[in-house]
Amino acid sequence: MSLNSSEDFRDQLSTADQEGRRRWLYPRKVRGRFFRARTWLSWLLLALMFAGPFIRLKGNPLLLINIVERKFIILGQIFWPQDMIMFAVALLVFITGIIIFTAAYGRLWCGWTCPQTVLMEMVFRKIEYLIEGDSHQQRALDKAPWTAGKVARKAGKHALFFGLSFIIGNTLLAYIIGTEQLFQIVTDSPAKHVEGLTAMILFTLVFYAIFARFREQACTFICPYGRLQSTLLDENTIVVAYDYKRGEKRGPWRHGQSFDQRRAGGNGDCIACQQCVVVCPTGIDIRNGTQMECVHCTACIDACDQVMDKIGRPHGLIRYASVNGIERGERLKVTPRLVGYTVVLAALGMVLGFLIFTRSDVQTTLLRAQGALFQKMPDGRYSNLYTVRVLNKTSRQVPIQLKLENCAGSLDVLGQELVVPPQKQAETSVLIELEPAAMKPGTTPVVVGVYSQGRRLETLKTGFIGPRDDTVQ
Ligand code: SF4
Ligand code: SF4
């Protein structure tokens with residue numbers, strides 16, 4: 001794309017040398033408007049991430065993904081194996097949403113909200129800067145011989161990294177098994193929770209390995225969403241892009257040189273200062289064009305904007321833009337395609353929200369008791385016996401009342417009042433009696449309302465069996 005690109009950049013990894021050995025990256029500290037905005041957002045996201053397992057909605061955690069026990073809670077709603085169809089629809093909506101979002105907005109998620117980027121750049125990297133200094137100081141420290149000072153700094157940093165990884169690992173575990181079980185593992189005898197303790201140690205080690213060693217490699221080689229990008233992005237997608245039309249041909253800037261003098265010498269706005277490269281946490285040169293490694297963290301935008309300030313040129317030599325926008329020399333604008341994608345995305349979000357929030361608190365089945373036929377009662381009415389089974393999907397006790405909705409007759413729950421304990425199933429027998437005048441020959445359709453504390457939760461349809469001839473009338 002750019003005129004001065006190194007021709008073989010797509011054949012090389014920025015994080016490996018010719019022999020394939022890891023090339024450690026020392027990205028320089030970033031300052032600028034995007035970094036400030038990302039910092040504020042990261043505080044909010046970190047607070048949400050760590051507080052998430054403790055936040056309760058309707059008495060349930062905000063999010064719980066217990067794969068082992070097949071128990072899922074999303075936004076306080078418990079999903080049971082019986083909800084799998086709805087869960088599959090929600091998953092489909094979610095995946096479609098991701099595809100549309102990425103096609104329109106590129107890797108906005110990766111740069112601004114992905115936990116890997118937020119934790120790496122806003123927590124672990126900042127600790128590293130605090131203990132070892134900026135990029136050049138870190139390089140010097142790594143090259144320096146092992147002195148007591150170096151050992152202390154390295155040990156301190158890694159102890160902090162390990163401690164943080166332990167907290168992150170436990171937070172993830174809390175999202176899987178819930179805070180109550182996590183506290184039990186911590187407070188009980190270790191012998192009682194071998195699996196839980198193993199998971200705790202494993203998660204801690206994985207997070208420590210990711211943030212202390214793998215770092216950008218997790219985005220480049222492991223993350224499946226990152227791998228999908230190449231198939232989802234096109235020339236209209238918003239990406240972090242270098243405006244090669246404005247920037248080329250690159251050349252150093254001489255103090256006091258005016259823009260007209262640069263243009264006369266065949267140069268563009270890029271002064272080849274490499275500031276966009278040295279801040280990049282994935283070690284790439286964005287001037288080579290859109291690359292798989294770019295997580296759209298905006299560090300290069302901030303770095304280049306600062307350079308533009310110094311040489312008196314407008315911001316945005318590197319900016320959010322589409323490839324077509326750069327081609328035509330346009331600033332970022334809202335295209336009909338972007339509006340269309342956003343509308344579809346909002347609609348999908350609403351479908352997902354509707355599915356989650358309109359889900360019934362209970363799931364009831366009403367079946368005619370096996371082998372039971374109709375009976376004629378002494379008062380002339382006919383009766384059918386049913387078995388009712390109620391699954392309580394909430395974490396509170398639910399008293400259930402059943403009402404006959406569409407015929408003249410009565411409905412009686414046999415035995416005690418039907419009260420379903422939290423997250424449990426209850427079963428009882430129900431006797432429905434109909435007036436002969438309300439019955440049809442053979443089967444009469446019957447509608448039963450399922451109520452709790454005066455609120456109708458569900459409506460069930462079933463058949464009421466009576467004599468086949470018209471003697472019922
Ligand atoms: S920071 Fe801007 S001016 Fe400097 S090399 Fe990068 S694109 Fe060119
Ligand atoms: S090229 Fe720019 S946006 Fe992409 S990862 Fe590097 S610094 Fe971040």
Side-chain angles (χ1 to χ4, degrees), residues 1-6 9-10 13-15 23 25-35 37-39 42 105-114 116-118 120-122 125 135 215-221 223 225-226 229-230 233 237-255 257 259 262-263 267-323 326 332:
M1 183 159 116
S2 62
L3 302 177
N4 288 355
S5 337
S6 72
F9 76 94
R10 292 211 191 270
L13 272 175
S14 54
T15 51
R23 195 164 69 83
L25 298 178
Y26 299 92
R28 213 201 58 197
K29 267 188 198 171
V30 195
R31 280 182 201 87
R33 62 194 167 121
F34 283 109
F35 186 73
R38 281 173 61 216
T39 303
S42 71
Y105 299 101
R107 296 181 76 170
L108 215 53
W109 160 265
C110 301
W112 290 76
T113 47
C114 171
Q116 156 76 15
T117 313
V118 169
M120 184 66 239
E121 301 307 322
M122 297 295 165
R125 190 88 70 195
S135 150
R215 301 192 161 190
E216 74 290 337
Q217 313 267 308
C219 307
T220 313
F221 301 121
C223 176
Y225 180 57
Q229 303 300 317
S230 48
L233 307 189
T237 304
I238 296 169
V239 291
V240 171
Y242 165 67
D243 186 345
Y244 66 96
K245 288 205 157 173
R246 182 183 146 190
E248 301 296 328
K249 169 173 123 231
R250 304 168 203 172
W253 179 70
R254 290 193 314 280
H255 193 70
Q257 188 183 33
F259 175 64
R262 278 186 71 79
R263 275 283 177 234
N267 288 126
D269 277 353
C270 176
I271 62 168
C273 61
Q274 299 291 100
Q275 293 307 300
C276 51
V277 182
V278 295
V279 292
C280 178
T282 64
I284 59 168
D285 185 344
I286 193 64
R287 295 170 301 168
N288 288 330
T290 304
Q291 290 151 76
M292 174 188 90
E293 294 93 330
C294 177
V295 291
H296 289 197
C297 71
T298 68
C300 53
I301 302 183
D302 278 334
C304 190
D305 282 350
Q306 282 188 345
V307 175
M308 292 299 113
D309 283 341
K310 281 183 192 145
I311 64 168
R313 296 292 300 148
H315 285 176
L317 178 55
I318 301 174
R319 63 177 186 269
Y320 276 119
S322 68
V323 171
I326 297 275
L332 187 61

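One is the number of the first residue; the rest follow in order along the sequence. Since the model is a prediction, treat every value here as computed from it, not as a measurement. When a ligand or atom number is given, it counts from 1 through the structure's own listing order.
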Legend entry - N, O or S from Cys297 under 2.8 Å to atom 8 (Fe) of ligand 2: yes

Which atoms of ligand 1 sit under 4.0 Å from any heavy atom of [X]?
X      : answer
Cys276 : 1 (S), 5 (S), 6 (Fe), 7 (S)
Ile271 : 3 (S), 8 (Fe)
Arg287 : 5 (S), 7 (S)
Cys273 : 1 (S), 3 (S), 4 (Fe), 5 (S)

If you count the atoms of ligand 2 from 1 in the order shown, which ones are under 4.0 Å from a heavy atom of [X]?
X      : result
Thr298 : 3 (S), 8 (Fe)
Ile286 : 1 (S)
Ile284 : 1 (S)
Thr282 : 5 (S)
His296 : 3 (S), 4 (Fe)

For [X] and [Y], which heavy atoms make the closest approach, and how far apart are they?
X      : Y      : value
Val118 : Trp112 : CG2-O, 3.7 Å
Pro27  : Cys280 : CB-O, 3.8 Å
Gly106 : Leu233 : CA-CD2, 3.8 Å
Val240 : Cys300 : CG1-SG, 3.7 Å

Inset, instruction - Kindly say whether Gly111 contributes a backbone atom to a donor-acceptor pair with the side chain of Arg38 at under 3.5 angstrom? - result: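 Looks like yes, one N/O pair under 3.5 Å.
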
Legend entry - Check: Asp243 side chain, Ile318 main-chain N or O, donor-acceptor pair, under 3.5 Å: no

For [atom], grab the closest protein heavy atom and report residue, atom and distance to one decimal in Å.
atom                    : value
atom 6 (Fe) of ligand 2 : Cys280 SG, 2.3 Å
atom 5 (S) of ligand 2  : Val295 N, 3.5 Å
atom 4 (Fe) of ligand 2 : Cys294 SG, 2.3 Å
atom 8 (Fe) of ligand 1 : Cys270 SG, 2.4 Å
atom 2 (Fe) of ligand 1 : Cys304 SG, 2.4 Å

Inset, instruction - Mark the output for Val279 as yes if a heavy-atom distance to ligand 2 is under 4.0 Å, and as no if none is. - result: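 No heavy atom of Val279 comes that close to ligand 2.
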
Inset, instruction - State whether Cys300 contributes an N/O/S atom found under 2.8 Å from atom 2 (Fe) of ligand 2. - result: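 So Cys300 counts as coordinating atom 2 (Fe) of ligand 2, yes.
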
Which distance, rounded to the nearest 0.5 Å, do you find between the [atom1] of [X] and the [atom2] of [Y]?
X      : Y      : atom1 : atom2 : answer
Arg313 : Arg262 : CZ    : CZ    : 9.5 Å
Glu216 : Thr282 : CD    : OG1   : 7.5 Å
Ile286 : Glu293 : CD1   : CD    : 10.0 Å

Legend entry - Residues, nucleotides or ligands: over 12 heavy atoms within 6.0 Å of Arg31 CZ: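 12 or below, so no.
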
Inset, instruction - Give a yes or no on this: more than 12 heavy atoms of other residues, nucleotides or ligands lie within 6.0 Å of atom NZ of Lys310. - result: no

Inset, instruction - Under 4.0 Å, heavy atoms only, figure out whether ligand 2 is touched by the backbone of Ile301, its side chain, both or neither. - result: neither

